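Both counts, for ligands and for their atoms, begin at 1 and track the order of listing. Quick caveat, the model's predicted, so the values are computed rather than measured.
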Amino acid sequence: MTYESALAKLRGCGQEHVLRYYEELNDAEKADLLTQIEETDFSVIENFYHPENLSGKGEIAPIEGLDLAAIEEKKAEYIAVGKETIKAGKVGAILLAGGQGTRLGSDHPKGTYNIGVTRELYIFECLVNNLLDVVKECGTVVPLYIMTSDKNHAETVAFFEEHNFFGYDSSFVKFFKQDMAPAVDQSGKVLLEAKGRIALSPNGNGGWFSSLVRAGLLEDVHARGVEWLNVFAVDNVCQRIADPAFVGASVLAKTDCGSKAVSKAEPHEKVGVLCLEEGHPSIVEYYELSEEMAQAREADGTLKYRYGVILNYLFSLDALERILSQKIPVHVVRKKVPYIDENGTLVKPETENGCKFETLVLDMIKLMNSCLPYEVVREYEFAPVKNKTGVDSVESARELLKKNGVEL
Ligand code: UTP
């Protein structure tokens, strides 16, 4: 892209200041910046000025799901069907590892975090070990697709290679990069992270399927005969992946999507819950539930809105392909974004100074015709590593790993 066409593109969206330091750059930096401008989709900034109404929920009702007791009753059948499906090569796994893990405060990909105490045990390793349990049980390798971002791709790939993929068959592992979005300041102007670089950040986990398709991996998915994709977060070190019982229950229910869930501990627990919205599956955030709904109980005393999501979904490939061209809402999220000020000095803000644009996988649920909540035991399957200490932290995850018999 030439300087003139870059300027014209920026003018079109009121962001000419991105070229403010152009004359101070060397040739390589100039070329780099022009490429960045060419590749960046600035239209997303529209959401800063005209945010979508994301809290305007339609009529909400409880959703039918499988609780622990219902699962127990049919467990043998679910496992048998799930194993058959996995053995037939119909299940693939998608590891969402494109996030920046800012709350954990490490500069490295979250999966490379060593959660071990007396030995090295990396977050990626925990997840691979969990998946290997199923691979051993079924005698079939589950294809694993790992989503990274520009920020952590090279380091993530190198880490897996250095550690020999933690014993996973590397011919079944593929990496793909998610898209990036520009970050803006409080007045909607694009931030620069250096004189010749726009502050770009991963655009949320909601674009994982379109990024997989753009990376040309849908052909690989089809070629391997995969019909279900189990999407999971990098930070839940205890979760079971390609879990036969969960797969079997979803297959038998002929659902578009299954969602692992934990029973909400109390009415106001800060977790999104599965529900029906205007008859469609949907996830309602804890602050969007009215007091009456949050407290509502079934005759047996369980909460009506109880299925808290843990970011572990099993999507049918047919459903994903059907919704591929549909729009997922963009969330404008306030975050700390390092930037250079008018004097060209790098500032690392202590408080939120800017906004990022993200789509979320939970918004894909609304596009599904059906979703099956599938309850799992919190103590076995929900140990997210979000923070260094306290709630959902390295400490709390270590406790649960120990409870589950993992040597640390
Ligand atoms: P989080 O919402 O916890 O975000 O991601 P994060 O970026 O990892 O952490 P914070 O908020 O900065 O502390 C939930 C899951 O979605 C993935 C993450 O890697 C994690 O597995 N994710 C998130 C992406 O793959 N891409 C993104 O752009 C954002």
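Only backbone heavy atoms of Ala97 (N, CA, C or O) come within less than 4.0 Å of ligand 1; its side chain stays farther off.
The shortest contact between atom 8 (O) of ligand 1 and any protein heavy atom is with Gly101 N, 3.7 Å. Counting only heavy atoms of the protein, atom 26 (N) of ligand 1 lies nearest to Gln178 OE1, 2.6 Å. In this structure, the protein non-hydrogen atom closest to atom 12 (O) of ligand 1 is Thr102 OG1, 2.5 Å. Lys386 NZ, 4.2 Å is the protein heavy atom nearest to atom 5 (O) of ligand 1. The nearest heavy-atom contact from the protein to atom 7 (O) of ligand 1 is Gln100 N, 2.9 Å. The single protein non-hydrogen atom nearest to atom 16 (O) of ligand 1 is Asn205 ND2, 3.0 Å, given as residue, atom name and distance. In terms of protein heavy-atom proximity, atom 2 (O) of ligand 1 is nearest to Arg103 NH2, 4.0 Å. Residue, atom and distance of the protein heavy atom nearest to atom 28 (O) of ligand 1 are Gly204 N, 2.8 Å.
Between Phe232 and ligand 1, not a single N/O pair is under 3.5 Å apart. In terms of N/O distances under 3.5 Å, ligand 1 is approached by Leu96. Ligand 1 has no N or O atom lying under 3.5 Å from any N or O atom of Leu104, backbone or side chain.
Residue Asp235 has at least one heavy-atom neighbour below 4.0 Å for each of these atoms of ligand 1: 3 (O). Within the listing of ligand 1, atoms 7 (O), 8 (O), 18 (C), 19 (O), 22 (N), 23 (C), 24 (C), 25 (O), 26 (N), 27 (C), 29 (C) sit less than 4.0 angstrom from a heavy atom of Gly99. Counting the atoms of ligand 1 from 1 in the order shown, those under 4.0 Å from a heavy atom of Met147 are 25 (O). Close approach of ligand 1 to Gly98 is summarised as follows: ligand atoms under 4.0 Å from at least one heavy atom of the residue are 19 (O), 24 (C), 25 (O), 26 (N).
Checking His108 against Asn152 by side-chain atom types alone, no donor-acceptor pair falls below 3.5 Å. There is a side-chain donor-acceptor pair under 3.5 Å between Glu120 and Tyr122. A side-chain donor from one of Gln100 and Lys356 sits under 3.5 Å from a side-chain acceptor of the other.
Contact of the Ser393 side chain with the Val385 side chain is not registered, since no non-hydrogen atoms from C-beta on lie closer than 4.5 Å. Side-chain contact check for Leu317 versus Leu218: some heavy-atom pair is nearer than 4.5 Å.
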Which atom pairs, donor and acceptor, lie under 3.5 Å between side-chain atoms of residues 80-89 and protein residues at least two apart or in another chain?
residue : atom : partner : partner atom : Å
Thr85   : OG1  : Val81   : O            : 2.7

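None of Asn47, Asp363, Thr359 except one satisfies the side chain to side chain donor-acceptor pair (under 3.5 Å) rule with His331; the exception is Asp363.
Enclosure of atom CD in Glu292 is not indicated, since only 12 or fewer non-hydrogen atoms of other residues, nucleotides or ligands lie within 6.0 angstrom. Other residues, nucleotides and ligands place more than 12 heavy atoms under 6.0 Å from the NZ atom of Lys327.
A search for ring pair (Phe, Tyr, Trp, His ring centres under 6.0 Å) contacts involving Tyr374 returns Phe246, not counting sequence neighbours.
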